[in-house]
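This report refers to the structure that appears directly beneath it.
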Amino acid sequence: MRVDLIRHGQCADDVFLRGRCDSVLSEKGQRQMRAALASVPPSAQRIVCSPARRCVEFATEYFNAHSIDVDASWQERDFGAWDGLSYAQVDALDALGLAQYLDQPFDYTPPNAEPFNDYQQRIDQAWLSLLDSAMAKNQQHLVVIGHGGPMRLLVRSLLGLSLPSLFQLHIGYGARITFEMSATQWGTFSKLIEVVQYDESV
């Protein structure tokens, strides 16, 4: 089974923690999405998409709207009171909290935000549910259109990486990460087969 994970393109706003806020794609972001999706083979049997506007609006235009499975489980982390603000705005609102978050990003939870462990569990469960459903339907090619954060968490889980290694993963706007999943007697085997990034000129 092939699974293509695609991050949304660049957005039109200047947001530090873009979680549940409804940012829209810039023109460059739309070009990045077109480039990313054009590189995906046309064999996809299921298109799963985050409900965020920066994901679902373009996906709806690009694909037949009826073929898209909008799934809230694939949303970005909810950053609570900081969600949708610029870095300067967060700093002015809660400088001490921001310093704690930057120092301990996996342990400190911004005000009213989704705790990191809950976030990780949500993405892990979304992935397991997706695989179970696809295997039950014998689907061999899936596309997930979403966000950089969930993609990092999923790569971490599938490859057995440490938490600090998440900061060593560059997943740019419009990036595509492709896994090949195989059923074995020991369980599902995950193989990372391709990572495609788009430079700023796209």
Side-chain angles (χ1 to χ4, degrees), residues 1-79 83-84 86 123 126-127 129-131 133-134 137 139-156 158-159 166-181 190-202:
M1 178 192 303
R2 173 182 172 125
V3 182
D4 290 298
L5 308 170
I6 298 176
R7 186 186 179 192
H8 64 79
Q10 181 190 76
C11 295
D13 52 22
D14 177 27
V15 169
F16 171 50
L17 296 173
R18 188 182 290 110
R20 302 297 174 84
C21 64
D22 249 349
S23 302
V24 297
L25 295 180
S26 65
E27 291 186 6
K28 178 184 286 188
Q30 294 182 39
R31 293 197 299 272
Q32 291 166 330
M33 289 292 288
R34 278 192 289 271
L37 290 168
S39 71
V40 175
S43 57
Q45 296 161 294
R46 187 174 180 184
I47 312 295
V48 179
C49 187
S50 161
R53 288 182 64 189
R54 55 193 182 275
C55 301
V56 74
E57 284 188 349
F58 187 90
T60 300
E61 293 177 8
Y62 192 89
F63 297 102
N64 183 320
H66 298 293
S67 67
I68 298 173
D69 180 3
V70 180
D71 187 346
S73 299
W74 289 98
Q75 291 185 102
E76 182 58 277
R77 183 181 183 183
D78 184 344
F79 288 104
D83 207 309
S86 68
I123 298 304
W127 174 250
S129 297
L130 180 63
L131 282 190
S133 174
K137 298 175 181 177
Q139 295 172 333
Q140 296 302 310
H141 185 189
L142 312 177
V143 174
V144 179
I145 300 173
H147 309 274
M151 289 171 69
R152 283 186 177 84
L153 296 185
L154 191 53
V155 169
R156 178 207 170 210
L158 295 180
L159 300 183
L166 293 180
F167 291 110
Q168 297 174 287
L169 296 173
H170 174 67
I171 301 178
Y173 291 121
R176 173 171 58 82
I177 298 178
T178 301
F179 278 92
E180 184 179 272
M181 314 300 297
S190 309
K191 181 190 292 185
L192 176 63
I193 61 173
E194 193 171 28
V195 178
V196 179
Q197 308 270 6
Y198 294 96
D199 62 34
E200 292 300 314
S201 64
V202 171

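It should be emphasised that the depicted structure is a prediction, and the values quoted were computed from it without experimental measurement.
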OG of Ser43 to NE2 of His141, rounded to nearest 0.5 Å, is 4.5 Å
Residue set satisfying side-chain contact (heavy atoms from CB on, under 4.5 Å) with Ser129, at least two apart, ordered chain then number -> Gln125
Here the pair of heavy atoms bringing Ala72 nearest to Pro51 is CA-CD, 3.8 Å
Between Ser190 and Phe179 the two heavy atoms that sit nearest each other are CB-CD2, 4.3 Å
With sequence neighbours left out, the residues meeting side-chain contact (heavy atoms from CB on, under 4.5 Å) with Ile193 are Thr178, Glu180, Lys191
Separation between CG (Leu37) and CD1 (Ile6), nearest 0.5 Å, reads 4.5 Å
Gly148 and Ile171 have their tightest heavy-atom pair at O-CD1, 4.1 Å
Rounded to the nearest 0.5 angstrom, the CD1-OH distance for Ile145 and Tyr62 is 9.0 Å
Heavy-atom nearest pair, Glu76 first then Gly149, reads OE2-N, 3.2 Å
Legend entry - Geometric class of the His147/His8 ring pair [parallel <30°, tilted 30-60°, perpendicular >60°]: perpendicular
Query raised in the report: Between Ser86 and Asp14, do the side chains contain an N or O donor and an N or O acceptor separated by less than 3.5 Å?
Result: no
Looking at side-chain heavy atoms only, is the closest gap between Arg152 and Phe167 below 4.5 Å?
no
Between Ile68 and Cys49, the two heavy atoms sitting closest are CG2-CB, 3.7 Å
- Message: Applying side-chain contact (heavy atoms from CB on, under 4.5 Å) to Met1 and Leu131, what does each step give before you reach the verdict?
- Response: CA-CA 9 Å; Met1 178 192 303; Leu131 282 190; 3.8 Å; yes
Q.
If you define the side chain from C-beta out and look only at heavy atoms, does anything of Trp74 sit under 4.5 Å from Leu154?
A. yes
**Study point:** Carboxylate-amine/guanidinium proximity below 4.0 Å for Arg176 and Asp4
**Key:** yes
Between Gln32 and Gln10 (side chain of the first, backbone of the second, donor and acceptor by atom type, cut-off under 3.5 Å), is there such a pair? yes
Rounding to 0.5 Å, atoms CG (Leu153) and CG (Leu169) come to a distance of 10.0 Å
For Arg46, the side-chain contact (heavy atoms from CB on, under 4.5 Å) test, sequence neighbours excluded, returns Val48, Asp69, Leu130, Ser133, Gln139, Leu142
Closest non-hydrogen contact found for Cys21 with Asp83 is N-OD1, 3.1 Å
Output for pair (Gln168 CD, Arg156 CZ), nearest 0.5 Å, gives 13.0 Å
*Within the side chain of Gln45, is there an N or O that forms a donor-acceptor pair under 3.5 Å with the backbone of Lys137?*
no
Output for pair (Arg20 CZ, Phe79 CZ), nearest 0.5 Å, gives 9.5 Å
